[in-house]
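For reference, the structure is listed below as structure tokens.
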Amino acid sequence: MALQFWKPGTVAPGSSLDRATEAEGHVLQSAPLTAAGGIQAQRERLPIFKHQLPQYLYESGWAAQGHVIACTQPRRVAATSVATRVAQEVGTLLGDEVGYTIRFEDVSDKERTRIKYMTDGMLFRETMRDPLLSKYSVIMIDEAHERSIYTDLLLGILKKVRRKRPALRLIVSSATLDATSFHEYFTTGEGCTQQDAVIISLEGRMFPVEVAYLKEPCSDYVMEAVRIVWEIHLRQGPGDVLVFLTGREEIDRCISEIAERIPTLPKGSLGLQPLPLYAGLTTDAQLAVFQPAEKMSRKVVVSTNIAEASVTIDGIKFVVDCGFVKIRTYNAKTTLSRLTVVPTSRASATQRAGRAGRTSPGICFRLYPESAFNDRSIMPTTTPPEIVRTDLTMPILQLKALGIDDLVKFEWVTNPPAEGVLRALEALIGAGMVGDDGRLTLVGEKVAEWPVEVNIARALFSSKEYKCSEEMLTIAAMVSVQDVFVIPEGGSAGALAELERRKFTAEEGDHLTLLNAYNAFIRYGSSLSWCRQHALNFRALSRAVSIRSQLKKYMQRFGLTPLQSCEGDAQRLRRCIVAGFWKNAARFVESEGTFRGVRGEGVLYIHPSSVMFTRKPRTGWVIFHEMEETKKTHIRIITEIEPDWLLEYGHKYVDKRTGQ
DNA sequence: GAGCACTGC
């Protein structure tokens, strides 16, 4: 069957979705969804929206006999907000026929829920308990173009599930040009036919957006952005501006440059109100971008990629796009992750431009020449999926837990790099999670179920022996969230925050400092105002509370109870951390003031956010939570240890590697 | 003596 695309947002009169490919449209499919009746909802020529597909399927009987229609989203907010909207449209209470399931929150009913919105990570997790996902009749994977790691893993699993359970119908929804490749993915291969039910829809933006380019490339896109914002402000009509830059530093610079020029505005002209937006901001500061602009003023939101898909601001009429994005890449050989600024994909550029056309026609100014946009060697069609640039240790452990031992045979949407797969397997074997036969060990099976990384799981398992599970649980939760300590931009506010942080500082290092901050948060009522007073991130701490209580349930389920406190015996706790993180040990080199990793990682620098940044370790040895490469290789979340605590583990490690 | 895109279980 030939692939066809609809024009965004329309279905021909009286057509059912199974006939949609005959009509003009943005739905494309290779097999009809007629087994339980087609969709006859469109008597008149009404626009059909993507989020309504599950409810049409529901009305057409696809949720009969206790079956459930699932719709996955890469993000929690999307899952909850779409579920809320659909529940309203269907006219039921949220959590009744229409519900959602995300981590820490299950607003669905086991018996009654027929349409379930969920994060893709959640559905992936569900495959561990029910490998055939037998209660679902239709699964819609939304925002598949974002290619999150869980989307990819899920698509791979679903292809496998469909071979065993052909009655399962899949809908893959993608906003970009790669729709055809998803189609090919599901219709080729052994046992796959053109009859496999796949519908791929394209989204359309609501209003036209005119795109303008620079004639020549610019050398400093931050200053160029400032110039364009100025021009928009003086020459264009009303409407707010959204500027895309790559990170906090650029955003701060852009904002102060704009602020500096505000006094030069001609008398009587509109004011300008520059506002930063990035994930690390406090809730208060983030909320500011949603407030309407002050009277007689134009709002300029200067944002990271967060405004590309995660956060939607109404009233934006102008977009200024620098054409770059900061992404995390992972080097399997060195086990180093790194943040790099790279040109955006064309798909990203299109998505960013679309942000100008949500409420009215708009204009997007791209800070690069049109020739760059058209040159695939400069701007790729799509961003490389997460699976090719991430640490594969956990994903592979989880695939193995699903019985997928042959990773070469697994039908990846995109193959992960061979090096990454090998290193991950090596790490899992070294950690005793995978045996030499490539199969999961008993420990591996257990750890795969935990929603934490391998090192943390190991420390939690050891916490029973070291009698410090209460504290280890807290530390596990705290290292899983980021930005607990708020760092205001420079000046006196920064120094004040630094003083606040010292109140929680523990001699032993960052792990215990985090523990102190968490305990104080609980002791003083877990309140937002208390966090503000002490320069702590309320959102992060609240999340840590949720994670801790979830992990506590796992401790109970795995018989690691009763939970015990180390009663202030920090040594037990530090030894327990070593039991999980012994591979992340580093030795101080006095003459250089730097560290060397025991795995030969080269020169390591303490991250400035560490309480160890200003001191040298008494014993000369530390354990770190993670390392990251920026201009230098930094280690983060560090605790001082005694070197002989390592001997036990180091021995095992050497044995495995050399075979001695 | 100096820094951190964004998600998710």
Side-chain angles (χ1 to χ4, degrees), chain A residues 72-79 101-106 118-129 143 146-154 244-252 277-281 303-311 322 324-329 337-342 344 348 383 385-386 389-390 394-395 397-398 401 447-453 456-457 477 480-490 494 498 537 540 543 546-547 550-551 553-554 593-594 605-610 612-616 626-632 634-637:
Chain A
T72 72
Q73 300 286 334
R75 279 175 298 280
R76 294 159 53 92
V77 270
T101 308
I102 59 178
R103 189 182 185 184
F104 313 131
E105 254 182 278
D106 183 7
M118 56 212 299
T119 44
D120 46 20
M122 213 62 199
L123 187 60
F124 178 71
R125 192 146 279 268
E126 206 170 317
T127 59
M128 290 192 191
R129 306 215 169 164
E143 312 289 355
E146 290 189 21
R147 300 293 301 275
S148 83
I149 185 145
Y150 285 118
T151 299
D152 272 28
L153 293 173
L154 205 50
F244 283 102
L245 295 175
T246 70
R248 177 180 165 168
E249 200 185 332
E250 287 173 7
I251 289 169
D252 289 344
L277 177 63
Y278 46 87
L281 284 177
S303 171
T304 61
N305 221 26
I306 193 172
E308 189 180 300
S310 311
V311 171
C322 76
F324 288 87
V325 64
K326 203 179 272 185
I327 59 167
R328 183 185 285 277
T329 54
S337 66
R338 171 180 210 169
L339 289 167
T340 341
V341 173
V342 295
T344 63
S348 263
T383 312
E386 200 183 349
R389 49 187 177 86
T390 196
M394 286 307 288
L397 182 67
Q398 287 167 340
V447 170
E449 275 193 55
W450 289 62
V452 293
E453 51 169 301
I456 295 178
S480 306
V481 299
Q482 70 257 72
D483 303 323
V484 176
F485 297 103
V486 175
I487 315 151
E489 35 198 308
E498 191 64 35
N537 185 332
R543 203 175 146 75
S546 302
I547 295 176
Q550 190 191 33
L551 293 179
K553 284 182 198 149
Y554 278 84
T594 58
Y605 293 83
I606 297 220
H607 196 277
S609 65
S610 171
M612 300 295 291
F613 188 70
T614 48
R615 7 190 150 121
K616 60 177 194 185
E626 62 183 2
M627 61 182 176
E628 192 170 63
E629 194 178 357
T630 47
K631 281 170 201 151
K632 296 171 180 170
H634 282 110
I635 49 177
R636 283 183 68 246
I637 312 186

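In what follows, every chain begins at residue 1, and chains take the letters A, B, ... in the order their sequences are listed.
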query = Are any non-hydrogen side-chain atoms of A:E308 and A:S348 less than 4.5 angstrom apart?
reply = yes
query = Counting any heavy atom closer than 4.0 Å, what does A:I102 reach on the DNA or RNA strands: base, sugar-phosphate only, or nothing?
reply = sugar-phosphate
query = Of all the choices, B:dT7, B:dC4, B:dC9, which nucleotide is nearest to the side chain of A:M122 once you look at every atom?
reply = B:dC9
task = Take atom CD of A:E143 and atom P of B:dC6, then tell me their distance rounded to the nearest Å.
result = 18 Å
query = Would a 4.5 Å heavy-atom cut-off, applied to side chains only, mark A:T246 and A:V325 as touching?
reply = no
request  = Scan A:E146 against the nucleic acid and name what it touches under 4.0 Å (heavy atoms): base, sugar-phosphate only, or nothing.
outcome  = nothing
Ring geometry between A:W450 and A:Y554 (parallel below 30°, tilted from 30 to 60°, perpendicular above 60°) = tilted
key: Candidate nucleotides B:dC4, B:dG1, B:dC9, ranked by approach to the side chain of A:P451 - the nearest   = B:dC9
message = I need the CD-P distance between A:E628 and B:dC6, as an integer number of Å.
response = 12 Å
query = At under 4.0 Å, does any side-chain N or O of A:T340 touch on OP1 or OP2 of B:dA5?
reply = no
query = At under 4.0 Å between heavy atoms, what does A:S148 touch on the DNA or RNA strands: base, sugar-phosphate, or nothing?
reply = nothing
request  = May I ask you to say what A:I306 touches in the nucleic acid, namely base, sugar-phosphate or nothing, with a heavy-atom cut-off under 4.0 Å?
outcome  = sugar-phosphate
inquiry  = Just to be sure I understand the rule, does A:D483 reach a base, reach only the sugar-phosphate, or reach nothing, if contact means heavy atoms closer than 4.0 Å?
reply    = base
request  = Rounded to the nearest angstrom, tell me the gap between atom CD1 in A:I456 and atom P in B:dG8.
outcome  = 17 Å
query = So what does A:R76 touch, heavy atoms closer than 4.0 Å: a base, only the sugar-phosphate, or nothing?
reply = sugar-phosphate
note = A:E126 CD to B:dG8 P, in whole Å, measures 18 Å
task = Nearest whole angstrom, please: distance from the P of B:dT7 to the CD1 of A:I149.
result = 17 Å
key: Shortest side-chain distance from A:P608, nucleotide among B:dA5, B:dA2, B:dT7   = B:dA2
ask   = Expressed in angstrom and rounded to an integer, what is the separation of A:N537 atom CG from B:dC4 atom C1'?
value = 13 Å
query = CE of A:M122 to CD of A:E105: how many Å apart, nearest 0.5 Å?
reply = 10.5 Å
task = Give A:F104 one of three labels, base, sugar-phosphate or nothing, depending on what nucleic acid heavy atoms sit under 4.0 Å from its own.
result = nothing
inquiry  = If the cut-off is 4.0 Å, is A:T119 near the phosphate of B:dC9, judged by side-chain N/O to OP1 or OP2?
reply    = yes
inquiry  = So, OP1 or OP2 of B:dG3: does either fall under 4.0 Å of a side-chain N or O from A:K632?
reply    = no
key: Atom-pair distance (NZ on A:K631; P on B:dC4), nearest Å   = 7 Å
Nucleotide B:dT7, atom C1' - distance to CZ of A:R328 in whole Å = 11 Å
ask   = So do the side chains of A:R125 and A:P451 get within less than 4.5 Å of each other, counting heavy atoms only?
value = yes
message = Let me spell it out: for each of A:F613 and A:E629, pick the nucleotide of DNA chain B with the closest heavy atom. Which residue's pick is nearer the 5' end?
response = A:F613
note = Of A:Q398 and A:R389, the one whose nearest nucleotide on DNA chain B sits closer to the 5' end is A:R389
key: Audit row: A:E386, A:R328, salt bridge (Lys or Arg N to Asp or Glu O under 4.0 Å) steps and yes/no   = CA-CA 9 Å; A:E386 200 183 349; A:R328 183 185 285 277; over 6 Å; no
query = Roughly how far, to the nearest 0.5 Å, is CD of A:E498 from OG1 of A:T614?
reply = 8.0 Å
task = Among the candidates B:dG3, B:dC9, B:dT7, find the nucleotide nearest to the side-chain atoms of A:H607.
result = B:dG3
ask   = When you check the phosphate oxygens OP1 and OP2 of B:dT7, does a side-chain N or O of A:R147 lie under 4.0 Å from one of them?
value = no
note = Looking only at B:dG8, B:dC4, B:dC6, the nucleotide nearest the A:Y150 side chain is B:dG8
task = Would you indicate what A:R75 reaches in the nucleic acid, counting non-hydrogen atoms under 4.0 angstrom: base, sugar-phosphate, or nothing?
result = sugar-phosphate
